[in-house]
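Contents: one structure, followed by commentary.
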Amino acid sequence: MKSVLDFQKMKFERQRISMVTCYDSTSAKILSASNVDCLLVGDSLTMTMHGQNSTLAATPELMALHVEAVRRGAPSKFIVGDMPFLAHRGSLDRTLEAVRLIMKAGAQAVKIEGIEGSEYVIKHIVDSGVPVMGHLGLTPQSVHQFGGFKVQGTTRDAGEILLAQAKKLQDCGAFALVLEAIPAALAANVTESLKIPTIGIGAGAGCSGQVLVMQDLLGLNTDFQPRFVRKYLEGFQAFKEAFDKFDSEVKSGAFPSEKESY
Ligand code: KIV
């Protein structure tokens, strides 16, 4: 199993890091057999698995349930679990209880969106022995603050603020940083300015690694096709064809055959 030290080494040796979101045991088994470096049980599961239109509905209990399922399917992959909406913005006790649930479910690290006002809490989680992955740029839990899922850091001032936040996260002890939906030049600059690896999504090729949502990567999501997604499979069509073939063979009587019967 990889550790935070491996990700540090990969950054140092300029080896790219691959991360894919994963929410269930069956997919985790497939990813477990792959070379992908890191699995993210993202709070995007509210959208991909539960059909919500944002990530706000995630709770620590829901995250822990999915982390547990992924851990069962991928016993030797490095797993990061998302801290859900507002879970680290209340009392320290509440924050640590959420971290405890996610880590005890089988994660090696938690991911936290944003930094402003969370510096102490992030440092406290790190000092408690829990690796923290930061997340800046288009942080989906702030969708209503941003007025939609919009590219961030597009002005000079916003870029400077984001760079300062990235350095602050590094100083708080974050071991890696997701950069989502920001200009490629800004992401490259942040990456070069930090000792910790950056993992981009819609942030260009200058990051230390890339992450995609599994359903996007597999072409399962036909509603959401932004320019940063590359489909490695026409999954929606492939699944649909399989379902239609099953349907037609049931209806024609071709399934089940004698060999498939007792
Ligand atoms: O929840 C998620 O899937 C994420 C990725 C988009 C980085 O945070």
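Predicted, not measured: the structure shown is a model, and the values here were computed from it. Every number for a ligand or one of its atoms is a count from 1 in the order of the listing.
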Going by side-chain heavy atoms closer than 4.5 Å, which hydrophobic residues are tied to Met47, directly or by a chain of links?
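Via sub-4.5 Å side-chain contacts, Met47 links to Leu138, Val143, Phe146, Phe149.
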
Would you mind checking which non-hydrogen protein atom is closest to atom 4 (C) of ligand 1, with the distance to 0.1 Å?
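Answer, as residue, atom name and distance: Leu40 CD2, 3.6 Å.
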
Please state which protein non-hydrogen atom is closest to atom 3 (O) of ligand 1 and give its distance, to 0.1 Å?
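Here the closest protein heavy atom is Ser44 OG, 2.5 Å.
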
Ligand 1 versus Thr55, non-hydrogen atoms closer than 4.0 Å: side chain, backbone, both, neither?
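Looking at Thr55 and ligand 1, no heavy atom falls under 4.0 Å.
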
Side chain, backbone, both or neither: Leu45 near ligand 1, heavy atoms under 4.0 Å:
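Neither part.
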
Counting from 1, what ligand 1 atoms have a heavy atom of Thr21 closer than 4.0 Å?
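Counting atoms of ligand 1 from 1, those under 4.0 Å from Thr21 are 3 (O).
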
List every atom of ligand 1 that sits less than 4.0 Å from any heavy atom of Lys111, numbering the atoms from 1 in the order shown and giving each element.
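Counting atoms of ligand 1 from 1, those under 4.0 Å from Lys111 are 4 (C), 8 (O).
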
Can you pull out every side-chain hydrogen bond (donor to acceptor under 3.5 Å, both in side chains) where at least one residue sits in residues 166-188? Sequence neighbours excluded, please.
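Residue pairs with at least one partner in residues 166-188: Glu116-Lys168, Glu119-Lys168, His135-Glu180.
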
Polar atom proximity, Glu180 to ligand 1 (N or O, under 3.5 Å)
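N/O-N/O distance under 3.5 Å: no.
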
Look only at interatomic distance and state if Glu113 has a nitrogen or oxygen under 3.5 Å from any nitrogen or oxygen of ligand 1.
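No.
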
Heavy-atom count around Phe228 CZ within 6.0 Å, excluding the residue itself: above 12?
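Counting neighbours around CZ of Phe228, more than 12 heavy atoms of other residues, nucleotides or ligands fall under 6.0 Å, so yes.
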
Are more than 12 heavy atoms from other residues, nucleotides or ligands located less than 6.0 Å from atom CZ of Arg16?
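No.
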
Please assess Thr48 against Leu220 for the test side-chain contact (heavy atoms from CB on, under 4.5 Å), listing each intermediate value before the final yes or no.
CA-CA 10 Å; Thr48 53; Leu220 294 172; over 6 Å; no

So do the side chains of Phe7 and Lys2 get within less than 4.5 Å of each other, counting heavy atoms only?
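The answer is yes; the side chains approach within 4.5 Å.
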
